[in-house]
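Each chain gets a letter, A, B and so on, in the order its sequence line appears, and its residues count up from 1.
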Number of protein chains: 2
Amino acid sequence: MTIRKDNHDLTKERILNEAEALFAQKGFGAVSVREITCAANCNLAAVNYHFRNKGNLYIEVFRVRWVPRAMRLQKHFRRSLAAQGPPSPTTVAQALAEAFLKGPLSDEERQRHFQLMTRELGQPTEAFEIVADEVMRPFFEELASMLRPAMPKGLRSEQVLLNILSIFSMVLYFNFARVAISRITGREYDAAFKNRLVKHIVEFSLKGLGGLEKEGLR
Amino acid sequence: MTIRKDNHDLTKERILNEAEALFAQKGFGAVSVREITCAANCNLAAVNYHFRNKGNLYIEVFRVRWVPRAMRLQKHFRRSLAAQGPPSPTTVAQALAEAFLKGPLSDEERQRHFQLMTRELGQPTEAFEIVADEVMRPFFEELASMLRPAMPKGLRSEQVLLNILSIFSMVLYFNFARVAISRITGREYDAAFKNRLVKHIVEFSLKGLGGLEKEGLR
DNA sequence: GTCTATAGCAGGATAGAC
DNA sequence: GTCTATCCTGCTATAGAC
């Protein structure tokens with residue numbers, strides 16, 4: 001079998017890769033198309049040919065790169081959760097923290113993923129619709145339905161959502177604010193520190209969720 | 001007593017105010033000087049006259065607006081902590097969450113404050129040196145020294161720092177990602193929801209810190 | 001599908017009148 | 001201190017050759 005479409009669309013792929021990295025690093029407004037095409041080693045006009053304009057390239061980064069990666073993360077979460085029997089707050093927190101901090105992503109990919117997400121959370125654009133509708137809302141629903149059976153029926157689902165958001169905020173931040181956290185803790189983001197963070201978030205989340213079963217009736 | 005310096009320096013103040021709001025909302029790269037001077041109802045050249053250039057205006061926003069506000073927050077924290085007797089993990093978490101979520105700041109001021117901070121955490125610039133050196137590091141030291149007596153001597157101070165960072169991540173996020181959180185929870189950021197969030201963060205943090213006393217020796 | 005060239009505009013910054 | 005006028009650079013986007 002020979003190689004099809006020599007370098008057809010390879011330019012498009014390279015642009016998507018470099019655009020994602022740069023948008024994650026600096027934010028949409030602080031990245032120029034020139035910067036992207038230069039990093040992608042292609043011509044300035046290629047962005048307009050393949051993506052119509054800069055704004056649409058940003059949206060496509062989410063559609064074609066970000067969402068599929070989020071799906072991989074969810075799949076990983078479901079697998080490691082299923083391996084632990086019926087879901088409880090404990091196993092859910094464990095599987096969540098592990099999927100998002102160790103998971104199937106490379107270090108760089110993970111940081112990129114959460115940086116893009118954090119930008120949309122802080123300053124939602126059109127891409128936030130994709131993030132919210134295709135990833136966050138369905139996933140939160142799924143988590144809530146997993147946790148609900150373990151909880152007293154008086155417990156409002158809002159309480160569950162807030163707990164989930166709290167775990168997310170930690171995961172997001174320990175991935176998003178790496179540079180700052182390194183400077184403040186004085187530790188590099190190496191394997192040892194990453195494992196330390198995973199352990200910490202799992203423990204903190206477990207304890208945070210811990211009282212959940214007893215809180216339904218006030 | 002008559003009013004001194006009629007509108008002297010009032011322009012400078014207006015520029016600082018509008019610049020802070022816009023930088024918080026959109027980020028440094030996405031705000032133009034024209035936008036700022038237009039909002040501040042002054043001439044384009046005023047920024048260069050008063051602040052030399054755009055980058056320096058950004059730094060001055062942190063020096064003149066952000067740091068003093070952070071100091072007000074710390075003062076509030078110390079006062080409400082002192083009112084509860086000797087500090088323990090419980091009282092510290094309580095006072096922290098309250099200072100950062102209810103505290104002395106207006107809603108708008110609080111969001112602005114944490115948005116600026118979050119931007120620097122995710123993508124540190126020169127201003128991060130100010131944030132870290134003048135505010136974060138000293139404050140974290142203070143918190144650690146408050147918590148240390150209550151903990152077994154085997155406990156590494158890193159553990160304490162991670163706990164503090166975790167609480168911060170929640171506070172930061174629930175202030176930073178308001179728009180997104182509103183859309184996902186379906187709730188406006190009104191007084192009721194704010195109180196709900198305060199209650200949740202205090203409880204989650206308390207539980208998260210809860211096991212702290214028992215973890216020193218492994 | 002990729003290139004060059006360029007239109008057309010918005011950005012930061014400054015000079016100099018008032 | 002504040003204004004207008006302007007320079008110059010860098011931006012996005014497009015037209016048209018190859």
Side-chain angles (χ1 to χ4, degrees), chain A residues 2-65 116 119 123 125-127, chain B residues 2-65 116 119 123 125-127:
Chain A
T2 67
I3 297 169
R4 288 175 311 108
K5 45 179 184 165
D6 297 26
N7 64 349
H8 298 332
D9 286 324
L10 281 194
T11 299
K12 196 171 175 179
E13 299 300 312
R14 282 201 314 277
I15 290 175
L16 278 169
N17 290 340
E18 300 301 329
E20 188 183 24
L22 286 166
F23 286 146
Q25 217 171 92
K26 308 178 156 198
F28 180 81
V31 177
S32 71
V33 176
R34 281 172 157 81
E35 223 174 330
I36 295 168
T37 53
C38 186
N41 203 23
C42 71
N43 188 271
L44 172 63
V47 160
N48 302 284
Y49 176 78
H50 286 288
F51 300 95
R52 200 169 63 242
N53 58 40
K54 182 187 170 188
N56 196 50
L57 167 58
Y58 184 74
I59 301 292
E60 284 303 295
V61 162
F62 276 83
R63 248 195 262 286
V64 181
R65 289 278 188 272
L116 283 173
R119 290 191 188 285
Q123 196 186 146
T125 69
E126 198 188 325
Chain B
T2 68
I3 297 169
R4 289 175 309 108
K5 45 178 186 167
D6 296 23
N7 63 351
H8 298 332
D9 286 324
L10 280 193
T11 299
K12 196 171 176 179
E13 299 300 311
R14 283 203 314 277
I15 290 174
L16 279 168
N17 290 340
E18 299 301 329
E20 187 182 25
L22 287 165
F23 286 146
Q25 215 172 92
K26 308 178 157 197
F28 180 80
V31 176
S32 70
V33 175
R34 284 173 158 84
E35 221 175 332
I36 295 168
T37 53
C38 185
N41 203 23
C42 70
N43 188 271
L44 173 62
V47 161
N48 302 284
Y49 176 78
H50 286 287
F51 300 96
R52 199 170 63 243
N53 58 41
K54 183 188 171 188
N56 196 51
L57 167 59
Y58 184 73
I59 301 293
E60 284 304 294
V61 162
F62 277 83
R63 249 195 261 285
V64 180
R65 289 279 188 271
L116 283 174
R119 290 190 188 285
Q123 195 187 148
T125 69
E126 199 189 326

- Message: What does the 5'-to-3' dot-bracket notation of DNA chain D look like when only Watson-Crick and G-U wobble pairs under 3.5 Å count, and pairs to other strands show as |?
- Response: |||||||.||||||||||
- Note on the structure: From CZ of A:Phe51 across to P of C:dT2 the rounded distance in Å is 11 Å
- B:Thr11 versus B:Asn41: any side-chain heavy-atom pair under 4.5 Å? no
- Item | Short side-chain N/O contact from A:Asn43 to OP1 or OP2 of C:dT4, under 4.0 Å | yes
- Answer yes or no: are there more than 12 heavy-atom neighbours, outside B:Glu13 itself, under 6.0 Å from its atom CD? yes
- Using a cut-off of less than 4.0 Å, is there contact between a side-chain N or O of A:Thr11 and OP1 or OP2 of C:dG1? no
- Other residues, nucleotides, ligands: >12 heavy atoms within 6.0 Å of B:Glu35 CD: yes
- With rounding to the nearest 0.5 Å, note down the distance linking CD1 in B:Ile36 to CG in B:Asn17. 12.0 Å
- Message: Tell me the interatomic distance from A:Glu35, atom CD, to C:dG11, atom P, rounded to whole angstroms.
- Response: 18 Å
- Without swapping roles, check the side chain of B:Arg119 against the backbone of B:Phe28 for a donor-acceptor pair under 3.5 Å. no
- Query: Does B:Val61 reach the side chain of B:Leu116, with side-chain heavy atoms less than 4.5 Å apart?
  - Reply: yes
- Residue met sooner reading DNA chain D from 5', once A:Val31 and B:His50 are mapped to nucleotides: B:His50
- Task: Identify whether NZ of Lys or CZ of Arg in A:Lys12 sits under 6.0 Å from the centre of the six-membered ring of A:Phe51 and within 45° of that ring's axis.
- Result: yes
- Task: Indicate whether OP1 or OP2 belonging to C:dG11 is found under 4.0 Å from a side-chain N or O atom of B:Ser32.
- Result: yes
Hey, what are the protein-to-nucleotides 13-18 of chain D N/O distances that come in under 3.5 Å?
| from | atom 1 | to | atom 2 | distance (Å) |
| --- | --- | --- | --- | --- |
| D:dA13 | OP2 | A:Lys54 | N | 3.0 |

- Query: So do the side chains of A:Asn43 and A:Thr37 get within less than 4.5 Å of each other, counting heavy atoms only?
  - Reply: no
